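Report on one structure; see the data block that follows.
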Number of protein chains: 2
Amino acid sequence: MDLSKTKRFGVHLDVTLKLIKQDLLKRFRQNNIDLTPEQWTIISELADQETIYQRELAAGTFKDAPTVSRIVELLVNRGYISRKADKLDRRKFLVSLTKKGRDIYEKSSPILYDARTLGWKGLNNQDYKDLTRILNKISSNISNDEIS
Amino acid sequence: MDLSKTKRFGVHLDVTLKLIKQDLLKRFRQNNIDLTPEQWTIISELADQETIYQRELAAGTFKDAPTVSRIVELLVNRGYISRKADKLDRRKFLVSLTKKGRDIYEKSSPILYDARTLGWKGLNNQDYKDLTRILNKISSNISNDEIS
DNA sequence: ATATAATACTTGTCAAGACAACTATTGCAT
DNA sequence: ATGCAATAGTTGTCTTGACAAGTATTATAT
């Protein structure tokens, strides 16, 4: 691998990701959806999982506990999700979407669809496979190093 | 393009980028380099460009003016860069690395090299070309839409 | 020449992430 | 049964980023 070429490959990822997030945020705003991309990630995870613990929510979205704690608090305050104590283990909180939360998730889905359609224009399934493979490889390279 | 597969491709990029940044930050700390990845990006840009305006620095690092303003202030306070008013246009500031700044850049280079070597283990030049092409395509798709 | 627009940069506010430190609760070893 | 470790979550602090609004300076239109 020619390392001189990969100088700042992180910067390249960073710039692209910023564009993707800005684009999504803008689309949400244009459609009166008061969600950030990160809040959407949390809601999307809950939409798939019904009722889960905050800890699982953190693991599923690859966010740390403090970040999830704060986003959950914000979304509870806005009425999108509910949080209730677990009876068996009082350390835990069970989190789930409210009706309002499910509504905004469904309202946001076509916007996500549009954003993806635009972002992937001119790219094909092989490109997606390649991107996924490369990102997974980088992730596992770093994660495995972390453990050892 | 099968859109169902690309659901949350932004999340995938996000997770990978977080790992890359965390890994780099950890390596900096282990080597007593008191820099964040973002601060490194600024310093790296300055190392290539000698003396530039803050605005150019922002463009080169794809950060917005307020973000650059604050990182620059922080790095000036720590003695890594210097900022002096431009004589011809008093709105502008000329920014450049100090000796201390160049030193830490040189000290950080092998750490960047190590991080890249680890991150790209098992990937080849074609993978890098593919990743670059795909990221550029996504970026241009979004940017061109922005203009229209 | 003067008003207005544009440019360069700063400041304020909120969201999010990294990390350390904290509380409360539960699990486990002996 | 008691002490200690582990777990779930919260809070605090700092950094970064998005975005709006501000100041100061320069360019431009008439």
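Atom set for the values below is all heavy atoms of this structure, side chains included, hydrogens, waters and symmetry mates excluded. All figures in this text were calculated on a predicted structure; none of them were measured in a lab. A note on names: the letters A, B, ... follow the listed sequences, proteins ahead of strands, and every chain is numbered from 1.
- One interatomic measurement links the two molecules: CG of B:D14 to C1' of C:dA15, which rounds to 13 Å at whole-angstrom precision.
- Here the CD1-CD1 distance, from A:I104 to A:I33, works out to 5.5 Å after rounding to the nearest 0.5 Å.
- Proximity of B:K92 to the phosphate of D:dT25: no side-chain N or O atom is located under 4.0 Å from OP1 or OP2.
- Atom CD1 of B:I20 and atom C1' of C:dA18 are 16 Å apart (whole Å).
- The side chain of A:F93 has D:dT10 as its nearest neighbour among C:dA18, D:dT26, D:dT10.
- Contact between the side-chain N/O atoms of A:K18 and the OP1/OP2 oxygens of D:dG17 is found at a separation under 4.0 Å.
- To the nearest angstrom, C1' of C:dC19 lies 16 Å from CG of B:L19.
- The distance between atom NZ of A:K21 and atom P of C:dA15, rounded to the nearest whole Å, is 15 Å.
- Residue B:T36 is in sugar-phosphate contact alone, with no base atom involved, counting any heavy-atom pair closer than 4.0 Å across all strands shown.
- The residues A:D34 and A:R78 are annotated as salt-bridged, a charged nitrogen and a carboxylate oxygen being separated by less than 4.0 angstrom.
- In this structure, A:I42 places its CD1 atom 12 Å from P of D:dG9, rounding to the nearest Å.
- Phosphate contact (OP1/OP2 of D:dT7, side-chain N/O of A:R90, threshold under 4.0 Å): absent.
- Taking 4.0 Å as the cut-off between side-chain N and carboxylate O, B:E73 and B:R83 do not count as a salt-bridged pair.
- Between A:I71 and A:K87, the residue whose closest nucleotide on DNA chain C is further toward the 5' end is A:I71.
- C:dA18 atom C1' lies 18 Å from atom CZ of B:R27, rounded to whole Å.
- Using a 4.5 Å heavy-atom threshold, the side chains of B:V72 and B:F93 count as separate.
- Nearest nucleotide to the side chain of A:R91, out of D:dA24, C:dA24, C:dG17: C:dA24.
- Atoms CG (B:D64) and P (D:dT15) sit 17 Å apart, rounded to a whole Å.
- Summarising the geometry, atom CG belonging to A:L75 is positioned 7.0 Å from atom CG belonging to A:L35; distances are rounded to the nearest 0.5 Å.
- Residue B:D89 is in sugar-phosphate contact alone, with no base atom involved, counting any heavy-atom pair closer than 4.0 Å across all strands shown.
- Atom CD of A:E38 and atom P of C:dC14 are 19 Å apart (whole Å).
- Here B:Q39 lies in heavy-atom contact (under 4.0 Å) with sugar-phosphate atoms only.
- Taking 4.0 angstrom as the limit, B:K63 places a side-chain polar atom (N or O) nearer than this to OP1 or OP2 of D:dG17.
- The side chain of A:R29 has D:dC19 as its nearest neighbour among C:dC9, D:dC19, D:dG12.
- For C:dT10, the OP1/OP2 oxygens have a side-chain nitrogen or oxygen of B:Q54 closer than 4.0 Å.
- B:R78 has a side-chain polar atom (N or O) that falls below the 4.0 Å cut-off from OP1 or OP2 of D:dT15.
- Remark on DNA chain D: of its neighbouring residues B:L88 and A:V68, the 5'-side contact belongs to A:V68, judged by nearest-heavy-atom nucleotide.
- Nearest-nucleotide positions on DNA chain C for A:F62 and B:L94 put B:L94 closer to the 5' end.
- Nearest approach of B:L24 to B:P37, heavy atoms of both residues: CD2-CB, 4.1 Å.
- Salt bridge present: A:R133 and A:D130 bring a charged side-chain N and a carboxylate O closer than 4.0 Å.
- Closest approach to the A:Y53 side chain among D:dG9, C:dC9, C:dT26 is made by D:dG9 (side chain taken as heavy atoms from C-beta onward).
- The phosphate of C:dA6 has neither OP1 nor OP2 within less than 4.0 Å of any side-chain N or O from B:R55.
- Judged by atom type and distance alone, A:R70 does not reach the base of D:dG9 through any side-chain donor-acceptor pair under 3.5 Å.
- Checked against D:dA18, D:dT15, C:dA20, the side chain of A:L25 finds its nearest nucleotide in D:dA18.
- Between A:S69 and D:dT10 there is a side-chain polar atom (N or O) within less than 4.0 angstrom of OP1 or OP2.
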